[in-house]
Amino acid sequence: MVLDSGDTAWILASTALVMLMTPGVGFFYGGMVRRKNVISMIALSFIVFALVSIQWVLYGYSLSFGPDIGGIIGGLGLAGLTGVGQDPTGTSTIPALAFMMYQLVFATVTLAILTSVFAERVKISSFLIFGLLWTTLVYDPLAHWVWGGGWLFGLGALDFAGGTVVHISAGFSALAIALVIGKRKGFGVHTMEPANIPMALLGAALLWFGWFGFNAGSALAANGLAANAFVVTNTAAAAGALTWMAASWYHGRPASLGVVSGAVAGLVAATPAAGFVGPLAAIVIGAVAGAFCYGMMLLRIQKGLDESLDAWSIHGMGGLWGAIATGIFASAAVNSYTGLLSGNVGQFTAQIVAVGVSVGYAFGVSYVLARLVDATIGLRVTENEEYVGLDISQHGERA
Amino acid sequence: MVLDSGDTAWILASTALVMLMTPGVGFFYGGMVRRKNVISMIALSFIVFALVSIQWVLYGYSLSFGPDIGGIIGGLGLAGLTGVGQDPTGTSTIPALAFMMYQLVFATVTLAILTSVFAERVKISSFLIFGLLWTTLVYDPLAHWVWGGGWLFGLGALDFAGGTVVHISAGFSALAIALVIGKRKGFGVHTMEPANIPMALLGAALLWFGWFGFNAGSALAANGLAANAFVVTNTAAAAGALTWMAASWYHGRPASLGVVSGAVAGLVAATPAAGFVGPLAAIVIGAVAGAFCYGMMLLRIQKGLDESLDAWSIHGMGGLWGAIATGIFASAAVNSYTGLLSGNVGQFTAQIVAVGVSVGYAFGVSYVLARLVDATIGLRVTENEEYVGLDISQHGERA
Amino acid sequence: MVLDSGDTAWILASTALVMLMTPGVGFFYGGMVRRKNVISMIALSFIVFALVSIQWVLYGYSLSFGPDIGGIIGGLGLAGLTGVGQDPTGTSTIPALAFMMYQLVFATVTLAILTSVFAERVKISSFLIFGLLWTTLVYDPLAHWVWGGGWLFGLGALDFAGGTVVHISAGFSALAIALVIGKRKGFGVHTMEPANIPMALLGAALLWFGWFGFNAGSALAANGLAANAFVVTNTAAAAGALTWMAASWYHGRPASLGVVSGAVAGLVAATPAAGFVGPLAAIVIGAVAGAFCYGMMLLRIQKGLDESLDAWSIHGMGGLWGAIATGIFASAAVNSYTGLLSGNVGQFTAQIVAVGVSVGYAFGVSYVLARLVDATIGLRVTENEEYVGLDISQHGERA
Amino acid sequence: MKMIQAIIRPEKLDDVKRALEEKGFIALTVIDVKGRGEQKGITLQYRGKKMEVDLLPKVKIEIVVKDGEAETAIGTIRASARTGRIGDGKIFILPVEMMARVRTDEVWT
Amino acid sequence: MKMIQAIIRPEKLDDVKRALEEKGFIALTVIDVKGRGEQKGITLQYRGKKMEVDLLPKVKIEIVVKDGEAETAIGTIRASARTGRIGDGKIFILPVEMMARVRTDEVWT
Amino acid sequence: MKMIQAIIRPEKLDDVKRALEEKGFIALTVIDVKGRGEQKGITLQYRGKKMEVDLLPKVKIEIVVKDGEAETAIGTIRASARTGRIGDGKIFILPVEMMARVRTDEVWT
Ligand SMILES: Nc1ncnc2c1ncn2[C@@H]1O[C@H](COP(=O)(O)OP(=O)(O)O)[C@@H](O)[C@H]1O
Ligand SMILES: Nc1ncnc2c1ncn2[C@@H]1O[C@H](COP(=O)(O)OP(=O)(O)O)[C@@H](O)[C@H]1O
Ligand SMILES: Nc1ncnc2c1ncn2[C@@H]1O[C@H](COP(=O)(O)OP(=O)(O)O)[C@@H](O)[C@H]1O
């Protein structure tokens, strides 16, 4: 189709918004670790961004969106962006390069979320290698399956902006890696106070802001569907913020970190659903997400699991709930799909399958990769380096 | 009318920009309070955002923009966003949902501005209740009167992006509440040094950035008028920054907080005028705003009034000046309206009336609401909680 | 031509993005100076923004883009924005006011970059005067020569988004001023630890984010060329980040400030090239920029030159490399221009000439201006003021 | 000589500094500390439960004075730092055997 | 009276505070410091080269106690701050000639 | 034993640390403080008016040494911290009655 300047303007703006989410994750996480690891945490987000940007241009985009090979993976036909041009292709109204770039920022933020489990203990060289393997072997195939014409897409599973590809995959990968990398020294023994809560709140603000590009941009056009996704995103975030706040208030005081964690939970849950459900369903989806992810966080802590910054409980479980909720609340009034509430059991099961597959694939491959890297070059820094902190030991800097 | 993708792209982008203003206010204010209340101040902005987001979707939008009831208030016909769809309505070229969402972020930032007067002493539970009452009983009616087809609109008062609805209402409400909630302990006795000036500057940067969405987005289209509003906004901000800087330099040193306060004063004053006046008028409007609001701040301090972060002197008085200036400088070369300078006395009086009504309504209702909440559940924390700081006493966190 | 709402939406959004770069520079630089000068550094960026905003509206835009006078400068026909209206002019599809505003934010960020060399020692009053002279006598003419129809444009030199006008001019001016203003007391004697590395990283994130508006906006339309520029920008930044990281790793540890400095180097180098080269060339351009600018920084330090925050080595030399690289890699597949690799030697020499002229003009005039201001009112604060820090001595504030 | 260490409320620092100045005690060193007194900080009621905020921000002033001046200095600090409410602080006197100036070779004992 | 100054690991502060509390030592002052011990901080291996991180964050606790109580306080701190690894810290005892309360006119010597 | 407290310019910390190290004084504690000397900080001229910046950032070094080593330590600090300009700092010596290691049961008196 012919290029539409309005649609293109919106996609370019959305891409910039989503780009900001990667440092946003960095500041969100960086504010929550201990003082001696703040820079390390933010630096990881920049390094992720640079690394995946190059990987994606060289071959990642092609693996995800290149010519389908048996429903499993894309071919290398688009490697180096050969043939990815300034004109729209197919039914698209935006430049092929804009679509590629928009997908790039999704790939980067996914790996950024995953840094949660590496917090305060990862060796930077090992992280670089692991990250490259992970984005190639976990993210790229999943993106192909769901969005690139792969087999999950064929199954009819709905995922508007990446509940499975981004959030479930990052969250459950984090869970798997947590089992391999082990707890931070002193976890559960000393209190580990967040270094800089205002910084974490800044990160959350950037995330909320950027998420409008993430979800509303996924309409790939500046149209009514984008507006719907925008509203659903914001509404779910607000509802999640309020229920997490209420739940944590009930257990003590309403921490600011709880408010924003709830918002992120709502944003995550809205991600697969934003283009399929309406604003009132968004309230339910977000509200459940806030309370549910809060509970999952408590469960994680109770189990003594050091998945340090809750990629699993918020992104993994929030994404899981959002994907299922899409199968429940999808409404023909919004888009041409219906869910369980409209009597469409098929959609609901398709969602469950997609969730199951994503969970299993992400968890399994990540576990194997983490063991591999750990067994060869070691994922963790030495005990002394961990004690001194990664800022000094890995970067030679002090916050 | 039919949907225009360019206009829609710009409104969606503008909505995201304005959304960022709410945490922007949080950081701006958070940097200026004492260290023990920084988190509290930022958290209030997030809580405001979540609260008003849900209120607006449930019934706030309907009260403001629903079917007019006697010029006073909108009916509940649009409650729960029933009938607010993906298509444009009337002469609009953007999705009805996009318009709703754009208005939502205005409602949130207005309540965020109002947190100024609650700084360092409000009980969070009382704030939640007060905030909900205020946005429902002050903001929603005012928005209806000016933008929703209510009686002030009928009078012909001009308010491009919210000088009355947003700034006068927040500013004069803050003044009223200041009389009820009382001074912070130690106000005027001890120096209260701002905790983190760079954080306040960051907030100001986000405000300036977001304000382009606020004012230029109010054209509701990506057109020449939007461009004019964009230019007027920036020019007035710059002029305000320079005059406040000069005035404060004259009295001592040019503090960075003065520079950005002047910019905010200019932005506020540009808000009602942006779509009606040209760039040279913007220099005058902004320059006067910077010096005038600086004087109002000095007056407030001299009167011993603890309207802590100057919502009144900057937003209230800046909005008042901007609304009147619109009646002076409105030019047919920009839009189809003229002001006093073009000999249109009628417009000037309409502006005065609108200002008077907004000031009176906001001040009066806010005063009553504040007394009510204070008399029942109490607006303030206990003296000990105030001494310890709201971060710990209300949120259990330390910055 | 007729106004295109999509193009206008993108330019307005881009303008907002670029606006954010000026405080972005403030935070980037502010985080790298010593604690006692953090506010000063950020404040300079706000002051620059306000000052140039007014200058540009009054006469700066006219000098740059007004009716050409002998290829040297624009006339005052557009002073006070007379005749700069809401409609597009010529072949443009965006409001003339939008184009003016977009150019304004370029002028501001250029002067912001230049604050590097004034860090921690400039008298604020002198900076105001110098800044006004510089933007008028260096920036405005250069902008006219390259973009406003002046003589360099006639030569056929390519500069997509400001490699010469913005980066070479700021960078080499900084070099010249460094020779006049002299070293900070204690430079090379005491270690000068950066006050707040996370703040510098935040500034870098805002720069990267805003740069999409800078480069992709320079297509002045939401089209395939904008998408290409967007991709080239991001790819070069990522490559620059990785090579600077690798180079600094080789010499010790991979500092986070190195990662983002490399990204900025890549962004700078991409600036002149973004609309003329493809993504693979961007990898080369960015990769070379990261390593090359790192080397230039080492050289500067080794020479004992206190061009404090590396405007010269990153912007000056990065811009120089980018401008030359444009002459090498320009490809007809991207835009209608070719470079050396396609056998077009003429383009390559045109680039060299443009670089030489910009370097010479910026360096020469800046040197003279700096001496002039230094000889009359003095560029530096007193030794005691410098010791106490500019935050207190110039602004009366503490970070 | 004596070192007087006074732990006071941060918001009283300006008052204390001014009062000391008037009595001729110019030189001093200030340190940000956290502390709790015998009553264990401040107890807040929170939804029925009690919560103790035990380490509150305080400011520590250190002044080294001649033996005979300690009395006056302490009196001045006490008068200017007192609010009468719990948390006003404590003053300690430690013996100092010698004081030396870095800039010159002066020494006091 | 005696001033006990104990320099300990920051992560042990809660334990030490609690232990002191149990023994009846409520009042104390806490200061963030950096320090290095005789073994010059921590040595890291880095690509063949050694790198010394010499100033590590520590916490200093100051408690003023009656002469007879010093022994117990020191024992309590030692027991609760010890991990057995290098960097556990040091304890110093300084003589205090007088302690005064700001809020009242009480004085202890 | 003696506790040497030296208040120096922050930018001299590295020099002082290195100088002490060379003389065998490895262990030390560093505290960020603010202070003013007898000349009341630094006076700036500002548009005709005078402005006093009275609390300037300083660094305090604390070293506990054996009685006989105090002299050397002080000399070393003085030599390495001196710039000759106002604000170079002061050094105090306080008596220490006992020093104990947390990690072991060692005690020095
Ligand atoms: N025995 C002590 N040892 C060390 N510090 C003390 C001691 N007593 C009080 N302090 C310090 O003085 C501060 C104020 O003491 P506090 O007991 O609150 O004053 P008050 O005497 O009014 O009750 C405490 O926060 C603590 O820092
Ligand atoms: N002689 C000393 N003077 C001043 N401070 C000291 C001295 N010895 C130790 N410290 C402080 O105690 C901290 C812990 O000492 P360290 O030597 O690491 O303990 P350990 O005795 O287990 O080796 C140091 O970081 C330093 O702050
Ligand atoms: N009598 C004192 N008591 C406590 N601290 C002091 C005293 N004299 C100096 N200081 C500390 O030493 C620092 C440097 O002292 P200063 O007087 O500036 O040095 P100089 O001796 O060169 O004039 C001061 O900022 C203050 O912190």
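So that the names make sense, note that chain A is the first sequence line, chain B the second, and so on, each numbered from 1. Every heavy atom of this structure was used, including side-chain atoms; hydrogens, water molecules and symmetry mates were not.
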Which word best sums up how the rings of B/Phe209 and C/Phe209 line up, parallel for under 30°, tilted for 30 to 60°, or perpendicular for over 60°?
perpendicular
Heavy-atom neighbours of C/Arg380 CZ exceed 12 at 6.0 Å
yes
Just wondering, do B/Trp208 and C/Leu20 contact through their side chains at under 4.5 Å, heavy atoms?
no
Please look at B/Val334 and chain C and tell me whether the side chain, the backbone, both or neither of the residue comes under 4.5 angstrom of a heavy atom of that chain.
both
Can you see which heavy atom on C/Leu12 is nearest to which on B/Ala227, and at what distance?
CD2-CA, 4.2 Å
Could you look at C/Leu104 and say if it's the side chain, the backbone, both or neither that has a heavy atom under 4.5 Å from chain B?
side chain
Counting only heavy atoms closer than 4.5 Å, note whether C/Leu44 contacts chain B via side chain, backbone, both or neither.
neither
When rounded to the nearest 0.5 angstrom, what is the spacing between OG in C/Ser5 and CD1 in B/Ile94?
12.0 Å
Does the side chain of C/Ile47 reach to within under 4.5 Å of the side chain of B/Val259, using non-hydrogen atoms?
yes
Using every non-hydrogen atom in the two residues, find where C/Ala9 and B/Gly6 come nearest and quote the distance to one decimal.
CB-O, 3.4 Å
Distance check, rounded to the nearest 0.5 Å: C/Leu206 atom CG versus B/Leu206 atom CG?
7.5 Å
I need the minimum non-hydrogen distance between C/Leu3 and B/Ala222, along with the two atoms involved.
CD2-O, 3.6 Å
Select, from C/Ala43, C/Gly396, C/Pro23, the one with the greatest count of heavy-atom pairs under 4.5 Å involving chain B.
C/Gly396
Is the closest side-chain heavy-atom distance between C/Met101 and B/Thr235 below 4.5 Å?
no
Step through the shown structure and confirm whether more than 12 heavy atoms of other residues, nucleotides or ligands are within 6.0 Å of OH on C/Tyr59.
yes
Would you mind reporting whether B/Leu202 and C/Leu202 have side-chain heavy atoms less than 4.5 Å apart?
yes
Below 4.5 Å, heavy-atom pairs only: which of C/Ile39, C/Thr22, C/Val57 has the largest tally toward chain B?
C/Ile39
Heavy-atom side-chain proximity of C/Arg398 to B/Ile197 below 4.5 angstrom
no
Minimum side-chain heavy-atom gap C/Phe49-B/Asn234 below 4.5 Å:
yes
From B/Leu201 atom CG to C/Met41 atom CE, the distance as rounded to the nearest 0.5 Å
13.0 Å
Select one option (side chain, backbone, both, neither) describing which atoms of B/Ala255 are under 4.5 Å from chain C's heavy atoms.
both
Given side chains that start at C-beta, do those of C/Thr8 and B/Trp10 come closer than 4.5 Å, heavy atoms only?
no
Mind checking the CG-CG spacing from C/Leu128 to B/Leu242? Nearest 0.5 Å is all I need.
8.0 Å
Minimum heavy-atom separation for B/Phe230 to C/Ala16, with atom names?
CZ-N, 3.8 Å
Tell me, for C/Ser125 versus chain B, whether the close heavy atoms (under 4.5 Å) come from the side chain, the backbone, both or neither.
both
Using heavy-atom distances under 4.5 Å, tell me whether C/Ile11 contacts chain B through its side chain, its backbone, both, or neither.
neither
Interchain contact, C/Thr15 with chain B, by part (heavy-atom threshold 4.5 Å)
both
Of all the heavy-atom pairs spanning C/Met199 and B/Pro198, show the shortest one and how long it is.
CE-CB, 3.4 Å
Taking all non-hydrogen atoms of both residues, which atom of B/Asn228 and which atom of C/Gln86 are closest, and how far apart?
CB-NE2, 3.8 Å
